[in-house]
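Atoms within a ligand are numbered from 1 in the order they appear, just like the ligands themselves.
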Amino acid sequence: MGLEKFNFLELRSFFRKRRSLFYLFFIFLFVYIVFLLVYSVQSQEKLKSVAEERFYIETKHTSTILANFLEEQKSLVETIATGNEIENFLVNQSLGMSLEYGLNVNLFSIKSSFDKKITNLKWFDEPIYQRIVFLDEHEQVLVDTKTNGSTTDFSHLAHNFSNSFQIDGTNKTLIFQAPVTYRGLSKGRVITVASLNLLFKPLQVDQKDPELHQFFIFNSNQRLFKVGDDIVQQAENRVAILPNEKLIPFKKEYNFLIGSIFTPQDTGSLYLLKNSIDGEYFKLITIVTSDRIFSKLSSNVFLYIASLVPIILIIGLLTYFQMRKKTLELETNVEISSKNINALYDANTLLADEISRRIVLENDLRESEERYRAYIDHAPEGILVVDHNYNIVEVNPSLCMLLGQEKQNLVGYSIGALTAAEDKSDFVIQFKNIINNKKDIEELIFITATDAKLMMQLKTMSLPNNLVMSFCVDITQKKVDEENIHKLAYYDALTSLPNRRMLQDRLRQALITSKRDNQYVVLMMLDLDDFKSLNDTLGHDLGDLLLTMVASRLSACMREIDVVSRIGGDEFIVIAEHLGSNVNKALIEAKKIANKLIQEISQPYPLEPNKPYYYMTCSFGLTLFKGADLSTETLIKQADLALYQAKNDGRNNYKFFDPKMQEAIHERSSMESALRGAIEKNQLRLYCQPLVDHGGNLVGGEVLLRWFLNGEETPVMPNDFIPLAESSALILPIGDWVIEQALQYLKKWQMMEHARHLKLSINISARQFLQPSFVQNIKNLIERYRVDPKLIKLELTESSIIEKLEEVIPKMNELRQLGVEFALDDFGTGFSSLSYLKILPISQVKIDKSFVRDISTDVNDAAIVSAIVAICQSLKLEVVAEGVENQSQLQFLLEKGCYLYQGYLFGKPVPFNDFIA
Ligand SMILES: Nc1nc2c(ncn2[C@@H]2O[C@H](COP(=O)(O)OP(=O)(O)OP(=O)(O)O)[C@@H](O)[C@H]2O)c(=O)[nH]1
């Protein structure tokens with residue numbers, strides 16, 4: 001909306017500056033107009049009187065004309081009466097002349113004179129006389145101009161000649177008479193008869209001047225007036241009331257005067273004037289309209305009104321200016337208002353914007369409120385709003401569901417209502433603390449309506465108006481899961497004892513405590529003796545059962561503060577603290593514990609109902625420490641080392657760690673690091689030991705590894721470093737190296753005429769064989785060196801593959817398909833389940849040298865070897881006897897049907913290059 005802006009201020013200042021001038025001008029104008037008005041009124045009055053005067057004169061003139069006419073007629077009739085003709089007659093009469101003779105002539109002459117007069121005398125072009133009559137003193141008509149002989153009786157005409165004329169209303173005539181005298185004697189009279197109509201000739205009584213009407217009144221109060229062509233005479237005796245010679249307004253009571261002369265519409269505008277003609281005898285009454293008299297004059301009312309016009313105009317002007325002023329003020333106000341309106345408009349716009357913004361905000365707020373409400377109502381977590389008095393203001397459906405409570409039983413109540421616990425005091429205190437501290441996340445236990453225990457995680461935040469909102473998430477299950485995870489991470493699933501990880505923790509703490517308290521602690525590593533047999537004979541389940549029994553026995557023997565853990569397989573570690581600060585006492589204590597535990601473990605185990613008890617022994621490795629700056633790993637290694645010694649010492653006993661063991665450990669670790677660089681330093685060499693048949697023919701060789709440490713001539717034997725290589729995973733690169741080298745030699749053999757048929761046996765460690773890429777590696781090498789796979793024989797020890805048969809057999813089969821053969825090495829030293837011979841895709845079995853060594857002297861060994869050879873024969877497997885050193889052994893083997901041999905009797909292992917000259 002746009003508002004027009006006027007420049008009112010300029011106009012207003014203009015009027016302000018000239019205001020006094022304007023007032024002066026208006027006053028002057030007012031005076032001038034009043035003066036003009038007065039002057040006009042006066043002039044009007046004058047004009048009026050002039051008009052009246054003029055009208056007087058006009059009527060007076062008419063009266064005079066009429067008076068003159070009457071006078072003239074009077075004198076004329078007298079002139080006739082005294083005329084020569086009549087005088088001659090009278091003379092002759094007096095002379096006695098008779099009528100017949102002389103007088104007739106006279107009369108004739110009179111008559112002629114009369115006729116002439118009738119003919120010649122005119123007024124307003126009309127003959128004045130209708131008749132002239134000469135009567136003698138006896139009223140005898142002597143001369144009468146009316147010749148038709150009708151006589152009129154003039155006797156009624158008075159002889160009194162003071163009234164020299166009379167009006168004959170009946171005949172409508174005007175009669176004048178004059179006496180005829182002779183020598184003082186009356187001799188008769190002359191009568192002239194004129195038309196009454198003549199009187200009206202000078203008067204304006206016709207249609208031409210309808211505004212003026214005149215009539216006569218004569219003495220006998222007779223009104224005489226003319227209506228059309230008729231002259232009417234009426235009696236009226238009230239005429240006398242009319243004033244003389246004065247123009248007076250016509251009053252209503254004068255209506256009788258005008259009668260039927262004319263019928264004015266407005267008698268109020270009539271004026272009346274009475275003029276005397278011929279003395280008081282004859283009056284001329286003039287009735288005239290004011291317009292007729294004052295036609296050119298304005299009426300006073302008009303003047304007054306006209307005079308009012310300027311006043312009204314002035315007042316109007318003043319009012320106009322006043323109003324203009326007011327308008328200006330108003331307009332100024334309007335302008336100010338318009339400015340205000342503009343400002344208001346701007347403010348309005350701002351307000352509108354603000355309103356729009358607020359509407360948007362309100363919408364946003366509403367949407368946000370709806371979102372908030374939707375979120376609250378549908379949030380999966382419980383939501384709770386509490387006021388500063390700890391009263392519940394809001395709960396969402398999720399919280400109600402979690403707590404098994406109805407909303408109406410919570411909202412409006414104190415926070416105690418949130419738990420169904422009998423004693424709510426702890427809950428309320430904890431909750432208040434949470435609310436007051438507003439820690440990020442707190443945990444609190446709620447009791448639900450069904451008496452269930454809910455562990456809730458509360459996240460609390462402040463809201464406006466001193467409100468506090470808490471998000472409650474049920475973490476009961478999470479806690480259980482966490483506990484389970486913790487258990488899985490820190491506890492052994494089978495025995496529920498702390499596992500190796502937990503042990504590390506506890507050991508770390510024990511280290512700290514022992515240092516702090518200056519108290520000895522013993523770490524005992526326990527390993528069941530020959531547990532593997534139990535597994536193998538009774539199965540894993542019973543093995544597990546035994547392990548759990550061992551665990552409970554260990555726990556039962558130890559104090560609450562001690563640690564009993566299972567670190568894997570059949571190995572347990574026990575930590576006993578607070579053994580005193582004296583080493584000897586601590587040793588005694590530790591021994592006591594070890595003995596007690598050995599005693600306990602050796603108790604019979606009722607593994608199977610109605611079956612004989614199982615018996616189990618164990619070995620311990622112990623290490624004592626007190627505030628030592630040793631790592632937990634070192635301590636465990638010490639105990640392990642001691643255990644190793646205990647095992648070596650025949651099992652079912654315990655050994656304390658001593659520094660010599662430490663040295664051995666050190667030696668082992670330095671050897672490990674030396675072995676790590678052996679390949680790069682070219683310290684490893686391949687040797688080959690011949691394999692011969694019963695005819696002494698070389699049929700192949702077994703690849704053997706030698707480690708020439710630090711350029712020494714005497715190599716380190718495989719038994720001294722292969723276990724180390726296996727335990728440290730160095731066996732993998734070493735094994736790969738061995739295979740590749742061996743195939744290169746085999747390639748060379750293949751190119752030699754006399755060696756082309758020789759088979760090469762390569763020892764493969766279980767770890768190496770179980771490598772996922774093992775088969776592919778072999779394939780690649782066969783392809784690379786183009787060797788005949790049939791000449792390759794891979795040797796695996798029974799114990800190494802027995803646990804992973806399902807993994808091992810498919811791999812063996814895959815290589816078998818290429819032509820690669822397998823031999824079971826060291827047969828007889830392990831479990832030697834004969835059933836494996838059936839299921840393993842092997843082509844050869846190698847009897848361990850420990851059996852071969854004493855076959856001539858030990859009946860058992862001889863029996864075992866015989867049995868092995870027999871079985872292999874029945875299974876159509878080649879049998880190789882290892883460690884054949886003398887003829888008696890050979891003889892025995894030959895007798896039993898073993899036709900392949902390896903041993904010093906046929907050749908020691910020699911460097912590969914020397915194997916075939
Ligand atoms: N039943 C069962 N056997 C296990 C479990 N963990 C490891 N073993 C077996 O426990 C045996 C542990 O054997 P070792 O301790 O190496 O040897 P051993 O037979 O006890 O002989 P020594 O320790 O030398 O006396 C292996 O045969 C494992 O397969 C287990 O959780 N349950």
Side-chain angles (χ1 to χ4, degrees), residues 487-503 524-555 564-574 594 597-598 600-602 605-608 611 613-622 636-637 639-655 657 661 664 719 722-724 726-728 731 765-767 769-770 796-808 826 828-833 835-836 848 850:
K487 249 188 178 170
L488 284 174
Y490 290 96
Y491 290 87
D492 173 45
L494 180 67
T495 61
S496 297
L497 291 177
N499 63 8
R500 181 181 276 271
R501 194 177 289 116
M502 176 72 129
L503 173 86
M524 300 188 280
M525 185 181 276
L526 177 156
D527 189 287
L528 298 177
D529 296 335
D530 204 16
F531 177 66
K532 189 167 162 292
S533 300
L534 167 64
N535 268 341
D536 291 347
T537 52
L538 300 180
H540 247 247
D541 288 349
L542 289 182
D544 283 356
L545 180 61
L546 187 125
L547 287 172
T548 56
M549 285 175 164
V550 168
S552 356
R553 287 181 189 186
L554 290 175
S555 298
V564 178
S565 66
R566 181 182 175 225
I567 58 168
D570 59 348
E571 284 184 339
F572 295 84
I573 283 183
V574 175
L597 292 178
I598 285 174
E600 193 61 36
I601 297 297
S602 62
Y605 292 89
L607 293 181
E608 294 175 287
K611 292 239 171 132
Y613 290 155
Y614 195 88
Y615 287 91
M616 175 61 68
T617 59
C618 68
S619 303
F620 272 102
L622 289 79
I636 291 169
K637 266 184 188 168
D640 193 17
L641 214 61
L643 174 64
Y644 182 71
Q645 287 299 325
K647 289 273 183 187
N648 277 350
D649 276 13
R651 297 178 167 81
N652 195 21
N653 65 16
Y654 61 84
K655 274 275 175 299
F657 168 79
M661 293 177 192
N719 283 347
I722 288 298
L724 182 69
E726 278 184 334
S727 69
S728 64
I731 194 70
S765 86
R767 200 162 180 177
F769 190 73
L770 291 171
L796 294 165
T797 56
E798 188 191 7
S799 58
S800 67
I801 57 170
I802 216 84
E803 282 181 26
K804 309 259 175 149
L805 283 180
E806 67 287 353
E807 204 178 322
V808 169
D826 300 342
T829 54
F831 177 68
S832 301
S833 171
S835 60
Y836 292 144
D848 190 69
S850 59

Checklist entry - Using a heavy-atom cut-off of under 4.0 Å, does the side chain or the backbone of Asp541 touch ligand 1, or both, or neither? => result neither
Checklist entry - Just heavy atoms, cut-off under 4.0 Å: does Arg566 contact ligand 1 by side chain, backbone, both, or neither? => result side chain
Checklist entry - What do you reckon, is NZ of Lys487 surrounded by more than 12 foreign heavy atoms closer than 6.0 Å? => result no
Checklist entry - Counting heavy atoms only, which part of Asp544 comes closer than 4.0 Å to ligand 1: side chain, backbone, both or neither? => result both
Checklist outcome for this item: The answer for which part of Lys647 has a heavy atom under 4.0 Å from ligand 1 is side chain
Checklist outcome for this item: A student checking ligand 1 against Asp529 at a 4.0 Å heavy-atom cut-off should list atoms 25 (O)
Checklist outcome for this item: Tightest non-hydrogen contact, residues Ser565 and Pro498, listed as CB-O, 2.9 Å
Item to check | N or O pair under 3.5 Å between Leu494 and ligand 1 | outcome: no
Checklist outcome for this item: Rounding to 0.5 Å, atoms CD (Glu571) and CZ (Phe531) come to a distance of 11.5 Å
Checklist entry - When you look at OH of Tyr644, are more than 12 heavy atoms from neighbouring residues, nucleotides or ligands closer to it than 6.0 Å? => result no
Next on the checklist: Any side-chain to backbone donor/acceptor pair from Arg501 onto Ala489? Under 3.5 Å, distance only.
Outcome noted: yes
Item to check | Ligand-residue contact atoms, ligand 1 with Lys532, heavy atoms, under 4.0 Å | outcome: 18 (P), 19 (O), 20 (O), 27 (O)
Checklist entry - Do the charged groups of Asp529 and Lys647 touch, with an N to O distance under 4.0 Å? => result yes
Checklist entry - If every non-hydrogen atom of Thr617 is compared with every non-hydrogen atom of Ile601, which pair is closest and at what distance? => result C-CG2, 4.3 Å
Checklist entry - How long is the span from the CG atom in Leu526 to the CG atom in Leu643, to the nearest 0.5 Å? => result 8.0 Å
Checklist outcome for this item: of all protein heavy atoms, closest to atom 24 (O) of ligand 1 is Arg651 NH2, 2.6 Å
Checklist entry - Any idea which part of Asp530 is under 4.0 Å from ligand 1, heavy-atom wise: side chain, backbone, both or neither? => result both
Item to check | Contact atoms of ligand 1, heavy-atom distance to Gly569 under 4.0 Å | outcome: 5 (C), 6 (N), 7 (C)
Item to check | Distance from atom 10 (O) of ligand 1 to nearest protein heavy atom, with residue and atom | outcome: Phe531 CD2, 3.1 Å
Checklist entry - Looking only at protein heavy atoms, which one is nearest to atom 29 (O) of ligand 1, and how far off is it? => result Glu803 OE2, 3.8 Å
Next on the checklist: For atom 14 (P) of ligand 1, tell me which residue out of Leu545, Asp570, Leu546, Leu643 has the closest non-hydrogen atom.
Outcome noted: Asp570
Checklist entry - Do ligand 1 and Asp527 have nitrogen or oxygen atoms that lie under 3.5 Å from each other? => result yes
Next on the checklist: Could you check whether atom 16 (O) of ligand 1 has a protein contact, counting only heavy atoms that fall below 4.0 angstrom?
Outcome noted: no
Next on the checklist: Under a 4.0 Å threshold between the charged nitrogen and the carboxylate oxygen, would Asp530 count as salt-bridged to Arg651?
Outcome noted: no
Checklist entry - Which one of Thr548, Asn535, Leu538, Asp492 has a non-hydrogen atom at the shortest distance from atom 4 (C) of ligand 1? => result Asn535
Next on the checklist: Show the atoms of ligand 1 that are less than 4.0 angstrom away from any heavy atom in Gly543.
Outcome noted: 1 (N)
Item to check | Close-contact set for ligand 1 against Leu547 heavy atoms, below 4.0 Å | outcome: 2 (C), 30 (C), 31 (O), 32 (N)
Next on the checklist: Suppose I only count heavy atoms of Leu528 and a 4.0 Å limit; which atoms of ligand 1 are within that range?
Outcome noted: 20 (O), 23 (O), 25 (O)
Checklist entry - Any donor and acceptor pair, going by atom type alone, linking the side chain of Ser619 with main-chain N or O of Tyr654 inside 3.5 Å? => result no
Checklist entry - Can any side-chain N or O of Arg566 pair as donor or acceptor with the backbone N or O of Gly569 at less than 3.5 Å? => result yes
Next on the checklist: As an exercise, state the distance from CZ of Phe769 to CD1 of Ile731, rounded to the nearest 0.5 Å.
Outcome noted: 14.5 Å
